[in-house]
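Below: the structure, in structure tokens.
All ligand and atom numbering here is 1-based and tracks the order in the structure.
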Amino acid sequence: MTSKILIRNLWKIYNENKQNEFFALKDVNIEINSGEIVIIKGISGSGKSTLLSLVGALSKPSKGDILINSQNIAKLPDIFASKYRNKEVGFIFQSFNLLDGLSVYDNVKATLVLSKINQNDLKEKINIALQLANIAHKSTQMVCNLSGGEKQRCAIARALVNSPSIILADEPTANLDRDNSLIFVNILRKFKQLNKTVIVATHDTIFDNLSFVDRRISIVDGKIV
Ligand SMILES: Nc1ncnc2c1ncn2[C@@H]1O[C@H](COP(=O)(O)OP(=O)(O)O)[C@@H](O)[C@H]1O
Ligand SMILES: [Mg+2]
């Protein structure tokens, strides 16, 4: 299952009609075909995280549409938005958002607590995700004892365990050294082979000149340029 993303006339206005009103996204239009890898480049504060949170249905736009395989997630009631998020989207955050006191395995498992699958399928799904992210060898280790790169691979396994069709990565290499950033680049290549639709928000030059990246989009002050 893959997903096409169509973003049309998208606006995000924080504190709308208040004194501190702020236009974070201004009439954004992007079309991403299923299986494409797209890099969104922009300096801090340009609107990258805002854009990813809208595509992931973590928040709602002020105006505009986000069509995922023709379904307009900008207009979805919350219950359907969370269904979409759990089924179709894998998030990889800069800060990893892991549970430090749990093992790698249990962090990945935590994503699946609400899904009704049997124990054997659950184990298999988790193990496949751990292998894809190159972290299976650390599955029993507590997250607080992992290196930065290992934490990130744990976060990648967690993002993959639902078999999402869309992966949203927000500054995935911001806390990593060069070796671990290159590991992420290889995982990105794997996403391409798995036919995932991927958006990476970054200002890391490591994503320049990658042959398997389909497109680079620049965002400045909430506008695509
Ligand atoms: N909840 C919010 N309320 C008000 N302003 C916000 C909120 N979230 C983000 N912003 C502002 O929107 C702009 C874009 O933020 P963000 O999308 O996080 O940019 P980036 O991820 O590119 O650094 C920034 O100026 C930020 O301060
Ligand atoms: Mg950000």
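Counting protein heavy atoms only, atom 19 (O) of ligand 1 is closest to Gly47 N, 3.2 Å. When hydrogens are left out, the protein atom nearest atom 14 (C) of ligand 1 is Gly45 O, 3.4 Å; that is the closest non-hydrogen contact. At the shortest separation from atom 13 (C) of ligand 1 among protein heavy atoms lies Phe22 CE2, 3.4 Å. Among all protein heavy atoms, the one lying closest to atom 15 (O) of ligand 1 is Thr50 OG1, 3.9 Å. Nearest protein heavy-atom contact of atom 9 (C) of ligand 1 is Tyr14 CE1, 3.4 Å.
The backbone and the side chain of Ser46 each have at least one atom closer than 4.0 Å to an atom of ligand 1 (non-hydrogen atoms only). At a heavy-atom cutoff of 4.0 Å, ligand 1 is contacted by no atom of Ile219, backbone or side chain.
Looking only at distances, no side-chain donor or acceptor of Asn162 sits under 3.5 Å from a matching main-chain atom of Pro164. Side chain of Thr205 to main chain of Asp208: no donor-acceptor pair is present (N/O by atom type, distance under 3.5 Å, no hydrogens or angles). The main-chain N or O of Gly64 is never found under 3.5 Å from a side-chain atom of Arg8 such that the two would form a donor-acceptor pair.
Distances from ligand 1 to the non-hydrogen atoms of Leu52 include no value under 4.0 Å. In this structure, Gly42 does not count as a contact residue of ligand 1, since none of its heavy atoms falls inside 4.0 Å of the ligand.
Within the coordination shell of the Mg ion (ligand 2), defined by N, O or S atoms under 2.8 Å, Ser49 is present.
For ligand 1, the polar-atom distance check finds an N/O of Ser49 within less than 3.5 Å of one of the ligand's N/O atoms. In terms of N/O distances under 3.5 Å, ligand 1 is not approached by Asp170.
Which parts of ligand 1 touch Ile43 is read off a 4.0 Å heavy-atom cut-off, strictly below it: atoms 22 (O). Of all atoms in ligand 1, listed by their number and element, those nearer than 4.0 Å to a heavy atom of Ala24 are 12 (O).
Grouping the Ile, Leu, Val, Met, Phe, Trp and Tyr side chains by contacts below 4.5 angstrom, directly or via other members, places Ile32 apart from Ile39. No continuous path of hydrophobic side-chain contacts links Leu51 to Leu6 [ILVMFWY only; heavy atoms under 4.5 Å].
Checking Asp204 against Thr202 by side-chain atom types alone, no donor-acceptor pair falls below 3.5 Å. No side-chain donor-acceptor contact under 3.5 Å links Ser62 and Tyr14.
Per-atom contact check: atom 17 (O) of ligand 1 touches the protein, criterion being a heavy-atom distance below 4.0 Å.
The OG1 atom of Thr173 sits 12.5 Å away from atom CD1 of Ile183, with the distance rounded to the nearest 0.5 Å.
Nearest heavy atoms, Lys123 versus Tyr105: CG-OH, 3.2 Å.
Residues Phe191 and Leu160 are in side-chain contact: their nearest non-hydrogen atoms beyond the backbone lie under 4.5 Å apart.
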